[in-house]
Amino acid sequence: AASLKDAMDRIAPAFHEATGHDLAVSLAGSSALARQIEAGAPADVFISANETWMDHLDDAGLIAADTRFDLAGNALVMAGPDGAAPVVLDDTLTATLGEGKLAMALVDAVPAGIYGKAALSSLGLWDAVAPQVAQADNVRAALALVAMGAAPLGIVYATDAAAEPRVDVVATFPADSHDAILYPAAALAGHEGAAAAAFLDYLQGDEAGAVLTELGFTLPQ
Amino acid sequence: MSLSVRLRHDFPGFAMDLAFEAPPGVTVLFGRSGSGKSTVMRAVAGLMRPDGGRVALEGRTLFDGDRRIHLPPHRRRLGVIFQEARLFPHLSVAENLRYGARFAPRGGAEDTARVVEMLGIGALLGRRPGALSGGEKARVAIGRALLSRPRMILADEPLAALDAPRKAEILPYFERLRDEAGVPVLYVSHAAEEVARLATTVVALENGRVLRQGSAAEVLGDARVMPTGVRSAGAVIEAVLHAHHPDGLSELDAAGIALFLPCIDRAPGARIRLRIAAQDVMLATARPQDISALNLLPGTVAAVLPGQGPGAMVTVDTAAGRILARITGRSARALGLAPGVPVWAVIKSVAVAPGGIGVSPP
Amino acid sequence: MSLSVRLRHDFPGFAMDLAFEAPPGVTVLFGRSGSGKSTVMRAVAGLMRPDGGRVALEGRTLFDGDRRIHLPPHRRRLGVIFQEARLFPHLSVAENLRYGARFAPRGGAEDTARVVEMLGIGALLGRRPGALSGGEKARVAIGRALLSRPRMILADEPLAALDAPRKAEILPYFERLRDEAGVPVLYVSHAAEEVARLATTVVALENGRVLRQGSAAEVLGDARVMPTGVRSAGAVIEAVLHAHHPDGLSELDAAGIALFLPCIDRAPGARIRLRIAAQDVMLATARPQDISALNLLPGTVAAVLPGQGPGAMVTVDTAAGRILARITGRSARALGLAPGVPVWAVIKSVAVAPGGIGVSPP
Amino acid sequence: MGWLGPEEWAAVALSLKVAFWAMAASLPPGILAAYALARWRFPGRQILNGLVHLPLILPPVVTGYLLLLALGPQAPLGRALESLGLVFAFRWSGAALAAAVMGFPLLVRAIRLSIEAVDPRLEEASATLGAPPWAVFATVTLPLILPGILTGAILAFAKAMGEFGATITFVSNIPGQTRTLPSAIYAFLQVPGGEAAALRLVAVSVAVAMAALLLSEVAGRWVARRVAGA
Amino acid sequence: MGWLGPEEWAAVALSLKVAFWAMAASLPPGILAAYALARWRFPGRQILNGLVHLPLILPPVVTGYLLLLALGPQAPLGRALESLGLVFAFRWSGAALAAAVMGFPLLVRAIRLSIEAVDPRLEEASATLGAPPWAVFATVTLPLILPGILTGAILAFAKAMGEFGATITFVSNIPGQTRTLPSAIYAFLQVPGGEAAALRLVAVSVAVAMAALLLSEVAGRWVARRVAGA
Ligand SMILES: Nc1ncnc2c1ncn2[C@@H]1O[C@H](COP(=O)(O)OP(=O)(O)OP(=O)(O)O)[C@@H](O)[C@H]1O
Ligand SMILES: Nc1ncnc2c1ncn2[C@@H]1O[C@H](COP(=O)(O)OP(=O)(O)OP(=O)(O)O)[C@@H](O)[C@H]1O
Ligand SMILES: [Mg+2]
Ligand SMILES: [Mg+2]
């Protein structure tokens, strides 16, 4: 998944250092990557930003058995401009938005958007804010809308908000308001070579874990 | 209305440096292919900026190289008939003809119907230029320029693509422009007849320079200046239309000498100019008898100029003016022609080309 | 090499339906603007597909409406000189001239240097067409067609944009094509002189139809057929070049009658054709004396045809052939001209237009 | 109606509106820019030329970002325009603007090509007949470059029908307001199994664009006949 | 070198290679298609016309997806080509193909516009001088449409420099192989704070494209002089 660029930028050299294997990272949206795998892409390992695409490949028999695990987790937050006051996630949300838009990723298509819509729905806020939701094509674009002041609020991952100096977290969605946000990783069927295994091992190791936590990801138990 | 032109321009391989005055009337630019006629037209019309010189119409400066004046073409309002027709392909013939009128000041309207009739393009009005023949295009281009109510007309070989009868229909129109409408015309032509008939002034060009400039009678009557070949030599004489005879001949009075020509469509009293080509004149030392030629002008040989070939150009002073006769050197010797010898100039009525008879410029 | 043409084609507002035979030599299409000359050219060249008819060159069918044959232009190999020059703007003059040679079969090469010299375009070879004058373009277009080694030449008013001396330089080349190279030529012209000089056959068109077709002598000598106006009337007579005289005159023998003309650049013995325009012929009932005209042909009046105006066309049978004289009706009456009356036809040496003297087609 | 839901119909209607206005609104500035580039020599000509091509060179997302930076609700220019009643951010008008910007290089290039092919001798003839420069343009140049304008317009329209990256970045994806066909197609493609729904929309999009294309061919033939003068 | 890392230089070099080949390889079929559309009347002409425009109309992602379906390692056509040594999937050649496909409508349209503006009377003159149709094309039509070819080529090149959606969908985003400048820019935009790095790459991309543009203007002036015949 493209949102793992930072993490992979750090993990790849470290992995090479540790194991001598070279790592070629192809960064693109999970859907594009999954389709490429379906079309026969010569990839060894797939890391998805959500479970659906991994499930999809799994169902198609393209995932090597027993290699799938959850690499990282994330939290969903409400981001506002730098220095903005905390926001309460209740009926006052529409008032807080005023005329402005609530920036989200595509609510029916992109993971962050799907989680966000679920969270707002479970909080009973979706119907009220829905007309004001501006859906970006991915969560980074939604974040940019907030960072640039085009939208007063946006629903993004905690990792994104942490890394963007121009925004502050104004609220965090309760973890039970949406499905768990997980980044599953797995080797691909027919590509379970030594290097793939080594990489999956490495990802589960402490060094990778440290990188991920430093970037704000949670580590699944 | 007079045009004053001084131009200097260098193309790679062709240098132009000339000056001439075009007094009211028709000034014909005469010269061989490539001598610079169209270039002069372009410069006067404002379609090119010469390296230097000055162009003024009626004292109004159109271009001045030193004072960096260069009036854009649309403010000069000169009706240009281009050597190629340059019709607007997306407009019908009628729209092409109407084109100039929208930008012209009101009034002084040329009569469209009359121009269309003269040019014989009535049946073509609804067509696009792409569906016209070469000569039809040329005629529409003439009409378009005439109908734009220009201050002056620049015509670059307007009749070259036309047949003789059609030329004969259109030429009088240019004459009328010259005489009645007072629109000055700068006219390029290769045809001696057109030149003789229309020109008030002739400017003979050679290689970007003015070879000779003067009235039509002077330049064409000058046995040594025959810029486009020997057949352009001829005298231009003036006469008054005396009477129309019932047999269709018109009688002219050239300083007391009666001349008979095929019917001239003017009222008696009109001043007429005739071009008598040198090769159409015979000379006789005795008054010829029993001959079909009706015009016999007594005169005296003024000069005999042998040519490079077998010909000789004999200048004869008659009461009607100086006449040129191109005869063979053999005849000149046989008849003993020399300055002072009395002779009869014999001219057939029908030999005077219809293109060569016109109304004198006022 | 003969061309046989039968064409039927309808444009909106113009219907063409004609047939003619062009025997070897030069066939001139003669007719007023819009009469269909260029359309015939296009159809023969294969640039348009007529509604019906048949075109065959030397028995080889180029087009047949019934048999649905339509040879594409490049397989016809007819060198077309278009009414507008149509030079390739992206090629230099030299490249334009060379263009056709690459597609022509080897051999029979026209001498490029000679054509360039004749056309006077040597100084232009490196230029692009955009930098040429109108007449220069026309000359390059002639050269381009001539140098493509065509089986036949279609020339649409090739000389219209040229001055008289230049025409006089180029005309002999077409004559040579006709006589020596044996390349048939279909030639459009408005100029009676060109027609008389070049034509083996004349096809007079009017409104898309053939008005008259025949040898040059027949058509131009026919007092009733003057498709482009009265000045095109004239007789064409044949003579043998007898001798060159030291004073620059050439003596011809026309069936026993001596004719003197300005120097003709051929060897004695050559068969020459002359066009004697009707208006250049005077008639006398007694042998004229002391006159500069050198050519006196005795003959008998065959017919007197009064014109609509003051003129009359008199046909005179002489030993040299039938001659036309256009004189005034008044003179005809004064001289008592009627069939059977003996007369002298008086013709000046220099009045025979240089364009009107040519070598007879073999 | 059967196989498209109301939201999808809304996307079709919106896309048509956006594409039409993107094309229509970019024609006048496009013709002007093409004319300036083809005919005028002025300082900054190459800069204008570069600017015109920029949307072609930049990844669409970047163009979208730049539009957002320039015309977003917080941007000075965006505010100035807002006070004039011109709001682009998160509106269909913004989608039209983004599509127009993306199609602009195509429009300008086609028109410029046509202008450069106009025979200057006809414009000269027009000037000698008294037409001032604007009239030369309106009565001679413009009619003669209609084929180029038509080509430019159809390219701009087609591009607008397919534009996605700049649009979604600039105006997001708001159903009924900025959710054009490509945005909807993209959304469908993000979920497994969305291909069929995406395909339906692709089919609609292609059908609309093909109809426009056919129309332009017919118009083109008419225009070509005019210009050829036959 | 200072401000661009080796990976970024690799992206620049790759983008240049991809854009050049996308342009070069699409010229011959582009000229052919343009000629066919401009001059020939054949059944299926409108279908060809539609096909040519398709990449403009479809969202790039869809085009990329279709390419993936058609030419992926599993697809029959992809395999057939592979056996001929032509591999596109996940290679730079695939990126070039995607860019070429995306630029194809622009190329074809520009060239077609030029072909339609060629004076048929010159082609007629060529034929009467004995040139068979191919020679008429090679010696008259082709030289006269050089301005259109140049415009088409620069449009295709610029488009290739900016193409992203179809490329990443078809050949993914593999550093050194398929990570072109736009893909690299995209990657940077996926990380918070990556804007500066993205901006650097945008600057490089713009600089390269502007250089190409300037070059094409110079060439264009030369070509125009030739065609004007002065
Ligand atoms: N495409 C067309 N559509 C309709 N009429 C046409 C078309 N082309 C030519 N014509 C008409 O056909 C007639 C013959 O045209 P053509 O060009 O053959 O004349 P032409 O004898 O060559 O005349 P010119 O001496 O003026 O060149 C003209 O009346 C012309 O208007
Ligand atoms: N753009 C140019 N570059 C170089 N030479 C040129 C250019 N335009 C014209 N000339 C040359 O200038 C000379 C004069 O050209 P111009 O067109 O004025 O001749 P012209 O007298 O009108 O001849 P024609 O009777 O053949 O039309 C010619 O020798 C021509 O070759
Ligand atoms: Mg000229
Ligand atoms: Mg014609």
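Within every chain, numbering begins at 1; the chains are lettered A, B, ... in the order of the sequence lines, protein sequences first and strands thereafter.
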Throw together a table of side-chain donor-acceptor distances under 3.5 angstrom for residues 21-33 of chain E, partners on residues two or more places apart or in other chains.
residue, atom, partner, partner atom, Å
E:Ser26, OG, E:Ala22, O, 2.6
E:Ser26, OG, E:Met23, O, 3.2

Only distances under 3.5 Å count here; give the side-chain donor-acceptor pairs of residues 19-29 of chain C to other protein atoms, sequence neighbours excluded, each with its distance to 0.1 Å.
residue, atom, partner, partner atom, Å
C:Glu21, OE2, C:Ser4, OG, 3.4

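Across C:His74 and E:Pro133, no two heavy atoms sit closer than the pair CE1-CD, 3.4 Å. The two residues E:Gly130 and C:Phe103 have their closest heavy-atom pair at O-CB, 3.3 Å.
Interface residue C:Leu47: backbone and side-chain heavy atoms are both found under 4.5 Å from chain E. Residue C:Leu87 touches chain E through its backbone alone, counting heavy-atom pairs closer than 4.5 Å. Only the side chain of C:Arg102 comes within less than 4.5 Å of a heavy atom in chain E; its backbone stays farther off. Heavy-atom distances place no part of C:Arg76 under 4.5 Å from chain E, backbone and side chain included. Heavy atoms closer than 4.5 Å to chain E are found in the backbone of C:Ala145, but not in its side chain.
No more than 12 heavy atoms of other residues, nucleotides or ligands lie within 6.0 Å of CZ in C:Arg68, so this atom counts as exposed by the packing criterion. Heavy-atom contacts from other residues, nucleotides or ligands closer than 6.0 Å to CD of E:Gln46 number more than 12. Atom CZ of E:Arg200 is surrounded by more than 12 heavy atoms from other residues, nucleotides or ligands within 6.0 Å. Taking a 6.0 Å sphere around CG of E:Leu84, one finds it holds more than 12 heavy atoms contributed by other residues, nucleotides or ligands.
Remark: the backbone N or O of E:Thr139 is paired with a side-chain donor or acceptor of C:His90 at under 3.5 angstrom.
For residues 103-129 of chain E, a heavy-atom distance under 4.5 Å to chain C picks out E:Arg121, E:Leu122, E:Glu124, E:Ala125, E:Ser126, E:Ala127, E:Thr128, E:Leu129, given by residue number. Of all residues in residues 142-158 of chain E, those placing a non-hydrogen atom less than 4.5 angstrom from a non-hydrogen atom of chain C are E:Pro143, E:Leu144.
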